[in-house]
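So you know, we letter chains A, B, ... as the sequences are listed, proteins then strands, and number each from 1.
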Amino acid sequence: MQLGFDSAPETARQLLGCELVHFTPEGPTGGIIVETEAYSSDDAASHTYNGQTARNAAMFKAGGHIYVYFTYGMHYCFNIVTGEEGNGQGVLIRALEPTVGIDLMRQRRAKEALTDLTSGPAKLVQALGITIAQSGLSLADAQISLKRKFTPKDIAVSPRRGIKKAVDAPLRFYVRDNPFVS
DNA sequence: AGAGCGATGGCCT
DNA sequence: GGCCATCGCTCTA
């Protein structure tokens, strides 16, 4: 695919309509990306705003690596790093439309409804079986594939969710009217 | 050394 | 819509 992982906002748009699949011993799981958010080091809402630390080091790698972080004492979220090494920018994957390994995702989530599987950043990490141990790996080394399925006709842009700084920046992108958007 | 808090989700009303 | 569980990281002292 022709994803360049150039800048976080551009990549956040490009990722919509791409199928993200994580391959594990239990089987593949994944879905089509329908909601993303962009974060950069010049952005007060970003984990990388105050420079590199042990926690966020993965986000300072080159585009195409992944950054997984732990938050709220119980949840993990998954980002695809963008830009060049040292930039500290990436795209938070917020929601997927389930397509691959739906029964396995139901087991991991202990939920039946499709809309309960991957309709949020921490939900999709659990459904796909992504772990913090994969943070800092390349997509390929993390056994994650990306493949474009379609080009969304109607991409909506809004402020990001759940943040307290830079609350108005229009850096959330989603497929309008898709039922799996969080 | 310790307090404060978070790129959330689930359950209750 | 609102509340709160839960804990590692960051900042301040």
Side-chain angles (χ1 to χ4, degrees), chain A residues 5 7-16 18 20 22 29 31 33-61 63-83 87-98 105-137 139 142 144 155-175 178-182:
Chain A
F5 304 115
S7 77
E10 183 180 330
T11 306
R13 269 183 189 279
Q14 290 177 353
L15 284 171
L16 297 177
C18 292
L20 176 78
H22 182 213
T29 45
I33 299 171
V34 295
E35 180 182 355
T36 59
E37 287 180 359
Y39 289 88
S40 308
S41 56
D42 59 352
D43 165 7
S46 172
H47 289 170
T48 57
Y49 184 63
N50 289 313
Q52 187 170 337
T53 66
R55 179 201 190 199
N56 65 22
M59 190 114 148
F60 285 88
K61 295 200 173 193
H65 286 76
I66 71 174
Y67 168 50
V68 183
Y69 67 88
F70 177 69
T71 192
Y72 290 110
M74 62 188 89
H75 296 304
Y76 296 91
C77 296
F78 167 73
N79 297 255
I80 295 177
V81 180
T82 61
N87 285 7
Q89 56 170 273
V91 176
L92 172 69
I93 308 302
R94 286 194 57 89
L96 307 177
E97 177 170 336
M105 293 197 287
R106 284 185 169 130
Q107 288 176 35
R108 286 176 175 153
R109 289 278 303 137
K111 298 279 184 183
E112 286 301 310
L114 283 183
T115 49
D116 287 335
L117 299 182
T118 56
S119 60
K123 294 179 192 176
L124 70 90
V125 165
Q126 186 182 23
L128 269 60
I130 293 170
T131 71
I132 192 82
Q134 291 167 284
S135 192
L137 298 180
L139 283 163
I144 292 170
I155 295 177
V157 182
S158 81
R160 294 168 294 184
R161 301 281 310 271
I163 56 172
K164 294 247 165 46
K165 298 168 185 167
V167 294
D168 294 328
L171 292 172
R172 171 173 175 252
F173 304 88
Y174 60 97
V175 177
N178 183 284
F180 299 96
V181 170
S182 68

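Listed for the Glu35(A) side chain is a donor-acceptor partner under 3.5 Å among the backbone atoms of Ser182(A). A side-chain donor-acceptor contact under 3.5 Å links Ser135(A) to the backbone of Val68(A). Without hydrogens or angle criteria, Asn56(A) side chain to Gly51(A) main chain gives a donor-acceptor distance under 3.5 Å. Here the side chain of Thr48(A) pairs no donor or acceptor atom with the backbone of Gln89(A) at under 3.5 angstrom. In this structure, the side chain of Arg108(A) engages the main chain of Leu128(A) through a donor-acceptor pair within 3.5 Å.
Within the 4.0 Å cut-off from OP1 or OP2 of dG10(B), at least one side-chain nitrogen or oxygen of Arg109(A) is found. An OP1 or OP2 oxygen of dC11(B) is reached within less than 4.0 angstrom by a side-chain nitrogen or oxygen of Lys111(A). Applying the 4.0 Å criterion to OP1 and OP2 of dG9(B), one finds that His75(A) has every side-chain N and O outside that range. Of the side-chain N and O atoms in Asn50(A), one or more sit less than 4.0 angstrom from OP1 or OP2 of dC11(C). Residue Arg94(A) places at least one side-chain N or O closer than 4.0 Å to OP1 or OP2 of dT8(B). One finds no side-chain N or O of Thr71(A) lying less than 4.0 angstrom from the OP1 or OP2 phosphate oxygen of dA7(B).
Here dA7(B) presents its P atom at 11 Å from CE of Met59(A), a figure rounded to the nearest Å. Between the CD atom of Glu37(A) and the C1' atom of dG6(B) there is a distance of 14 Å, rounded to whole Å. When the C1' atom of dC11(C) is taken as reference, atom NE2 of His47(A) falls 15 Å away, rounded to whole Å. Here dC11(C) presents its P atom at 12 Å from OH of Tyr49(A), a figure rounded to the nearest Å. Following rounding to the nearest Å, Tyr72(A) (OH) and dA5(C) (C1') show an atom-to-atom distance of 12 Å. Computed from coordinates, the Leu117(A) CG to dG9(B) P distance equals 13 Å when rounded to whole Å. Rounded to whole Å, atom P of dT8(B) lies 18 Å from atom CG of Asp116(A). Atom CG in Asp43(A) sits about 11 Å away from atom P in dA7(B), given to the nearest Å.
Here the side chain of Tyr39(A) is nearest to one of dA7(B), dG6(B), dG9(B), namely dA7(B).
Among Leu15(A), Leu16(A), Val34(A), the single residue meeting the side-chain contact (heavy atoms from CB on, under 4.5 Å) criterion with Phe173(A) is Leu16(A).
Shortest non-hydrogen contact noted between Phe60(A) and Gln52(A) is CE1-CA, 3.5 Å.
At the heavy-atom level, Leu92(A) lies under 4.0 Å from base atoms of the strands shown. Backbone-only engagement by Ala122(A) is indicated by non-hydrogen atom pairs under 4.0 Å involving sugar-phosphate atoms exclusively. Residue Ser182(A) is classed as having no contact, given no heavy-atom separation below 4.0 Å to the nucleic acid. Across all strands shown, Lys165(A) has no heavy atoms under 4.0 Å from either base or sugar-phosphate atoms. Among the protein residues, Arg55(A) comes within range of the sugar-phosphate backbone only, with heavy atoms under 4.0 Å from sugar or phosphate atoms but none that close to a base.
Stacking of the aromatic ring of Phe70(A) onto the base of dG8(C) is not found under the criterion of centres within 5.5 Å and planes under 30°.
Within residues 123-137 of chain A, no residue approaches DNA chain C, by heavy-atom distance under 4.0 Å.
Relative orientation of the Phe70(A) and Tyr76(A) rings is tilted, given thresholds of 30° and 60° on the angle between their planes.
Residue side chain Tyr69(A) reaches the base of dA7(B) through a donor-acceptor N/O pair under 3.5 Å, judged by distance alone.
Side-chain contact between Thr115(A) and Phe180(A) is present, with heavy atoms from C-beta onward closer than 4.5 Å. Side-chain atoms of Tyr69(A) and Met59(A), non-hydrogen and from C-beta on, never get closer than 4.5 Å to each other.
When the shell of 6.0 Å around OH of Tyr49(A) is examined, it contains 12 or fewer heavy atoms from other residues, nucleotides or ligands.
A stem is defined here as three or more consecutive Watson-Crick or G-U pairs, each with both distances under 3.5 Å; for DNA chain B these stems are B:1-6 with C:7-12, B:8-12 with C:1-5.
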